[in-house]
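Inspection log for the structure reproduced underneath, given as structure tokens.
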Amino acid sequence: MARLTLAEKGLESLFGAHDQHLKLIERAFDVQLSARGNELAIDGDAERVELVQHLMTELSTLGSRGYRFRTEDIRTAIRVVEQAPEISLTEFFQPTDQLLSAVRQLISPRSLNQYLYMKAMLDHDIVVSIGPAGTGKTFLAVAMAAAALKEKKVRRIVLARPAVEAGEKLGFLPGDLAEKVNPYLRPLYDSLYDLLGYDKVGALLERGIIEVAPIAFMRGRTLNESFVILDEAQNTTSEQMKMFLTRIGFGSKAVVNGDITQVDLPSFQASGLREAQVVLKDVEGICFAHFDRRDVVRHPIVQKVVAAYEKHEKLLAEPPRESVAGSRPAVV
């Protein structure tokens, strides 16, 4: 058993209504917590008790600084401590870096990988993020771009995406070329609207400070002092990926996002994102960030869907078992 004295300020928010946050921690770490005032007793396996001590000390420090905890914050803190106890929770929730602090005013990371992804975008000129749908790749990148624009780290945001059909042909859609490709760019607009609001995004688009375009429109350009995001990069060809990455000018950052399990290119055409994993893995200044189903932050059932498909794909990849000589199939 261990005993801990917590800061009195922020105690109510830390414990939660009817001690629901303490109950959440008990279930997650299989320990027993007993609180009397700001004194907390922790009983259980020694290793788990030590993790909970670390968790509660860090959270208490945050609470004493005025941080108001939501239930989702406690769940996030639990996941971070379980995966990487060396990570400072105070820095995770209240970063000292000005740009990261500006990002957290727009969005909060919900997992360790999301936090590391944000740090990677801060520290590297090019970041390539790979992972399943719903892990926040695009949303966090757009949030970082918006914060960089607000902090005057860049002068504009450029969002690009390949216009690749997923079972439908562009020619069947009504309208001119711009109207045909617009549906493919809708997810990027959605992220902007969610983060900045319709009116502000509309004004920035009108002034050319934010640009959303198919990747084909990037050819021949040099993008200086820009935050450039390529979404759905698994659907770029090798040529498109090389073209995009060589557009980056002085004072710019580029983020490439994709899910290599959802390639919509024809079977004879290689994915530029898959190739980039091999070609760029040892290039200094480029960072690869990886996500898995634990990072899915959409509806909880999305995480289950991703897990089910991962299991199915592993079964398909397994070689068929050799039949035993002389054996016959059972008759039903």
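Residue indices begin at 1 and follow the sequence shown. The shown structure was predicted, so the numbers you read here are calculated from the model rather than taken from an experiment.
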| query | Is there a donor in the side chain of Asn113 and an acceptor in the side chain of Ser111, or the other way round, less than 3.5 Å apart? | reply | no
| request: Classify the side-chain pair Glu26/Gln32 by whether it contains a donor and acceptor separated by less than 3.5 Å. | output: no
| Considering residues at least two apart in sequence or located in another chain, which fulfil the side-chain contact (heavy atoms from CB on, under 4.5 Å) criterion with Ser271? | Gln234, Val263, Leu265, Leu273, Arg274
Greater than 12 external heavy atoms within 6.0 Å of [X]'s [atom1]:
X: Glu86; atom1: CD; answer: yes
X: Tyr193; atom1: OH; answer: yes
X: Glu47; atom1: CD; answer: no

| task | Please report the C-alpha distance between Leu116 and Met121 in whole Å, then the side-chain angles of each, then the deciding distance to 0.1 Å, and finally whether the side chain to side chain contact (heavy atoms under 4.5 Å, CB included) criterion is met. | result | CA-CA 9 Å; Leu116 295 176; Met121 287 188 282; over 6 Å; no
| task | Please work out whether the ring planes of Tyr117 and Phe291 are parallel, tilted or perpendicular, with thresholds of 30° and 60°. | result | perpendicular
| message | Students often mix this up, so state it plainly: with edges at 30° and 60°, are the rings of Phe69 and Tyr67 parallel, tilted or perpendicular? | response | tilted
| If you look only at pairs with a residue in residues 2-17, which of them pass as a side chain to side chain donor-acceptor pair (under 3.5 Å), with sequence neighbours excluded? | Thr5-Glu39
| said: I'd like to know whether Lys150 forms a side-chain hydrogen bond (donor to acceptor under 3.5 Å, both in side chains) with Gln105, so could you lay out the CA-CA distance, the side-chain angles of the two residues, the decisive distance to 0.1 Å, and finally the verdict. | reply: CA-CA 11 Å; Lys150 178 184 175 184; Gln105 293 173 18; 3.0 Å; yes
Roughly how far, to the nearest 0.5 Å, is the [atom2] atom of [Y] from the [atom1] atom of [X]?
X: Phe15; Y: Leu33; atom1: CZ; atom2: CG; result: 8.5 Å
X: Leu149; Y: Met144; atom1: CG; atom2: CE; result: 13.5 Å
X: Leu112; Y: Ile87; atom1: CG; atom2: CD1; result: 5.5 Å

| Going through the distances and angles, do Asn257 and Ile229 end up as a side chain to side chain contact (heavy atoms under 4.5 Å, CB included)? | CA-CA 8 Å; Asn257 299 321; Ile229 300 171; 3.8 Å; yes
| request: State plainly whether the residues Arg155 and Glu211 are in salt-bridge range, i.e. N to O under 4.0 Å. | output: no
| Would Glu225 and Lys253 pass as an ion pair if we require N to O under 4.0 Å? | no
| Going through the distances and angles, do Val228 and Phe244 end up as a side chain to side chain contact (heavy atoms under 4.5 Å, CB included)? | CA-CA 9 Å; Val228 193; Phe244 173 80; 3.4 Å; yes
| said: Determine whether Arg110 and Thr76 satisfy the following criterion, side-chain hydrogen bond (donor to acceptor under 3.5 Å, both in side chains), listing intermediate values before the conclusion. | reply: CA-CA 5 Å; Arg110 298 289 184 84; Thr76 298; 5.1 Å; no
| Do the side chains of Leu196 and Val142 get nearer than 4.5 Å, heavy atoms only? | no
| said: Between Met218 and Met243, is there a side-chain heavy-atom distance shorter than 4.5 Å? | reply: yes
| request: Begin from the C-alpha positions of Val212 and Tyr189 and carry the test side chain to side chain contact (heavy atoms under 4.5 Å, CB included) through to its verdict. | output: CA-CA 8 Å; Val212 184; Tyr189 284 107; 3.8 Å; yes
| field | Test side-chain contact (heavy atoms from CB on, under 4.5 Å) applied to Leu59 and Leu6, Leu14, Asp73, the passing residue | value | Leu14
| note | What one should report as the nearest heavy-atom pair of Val103 and Ala147 is CG2-CB, 3.5 Å
| Taking all atoms of both residues into account, what is the closest heavy-atom pair of Arg70 and Ser108, and its distance? | NH2-OG, 4.1 Å
| said: For residues 89-109, which residue pairs pass the salt bridge (Lys or Arg N to Asp or Glu O under 4.0 Å) check, not counting sequence neighbours? | reply: none
| Between Arg161 and Asp231, is there a donor-acceptor pair closer than 3.5 Å when you use the side chain of the first and the backbone of the second? | no
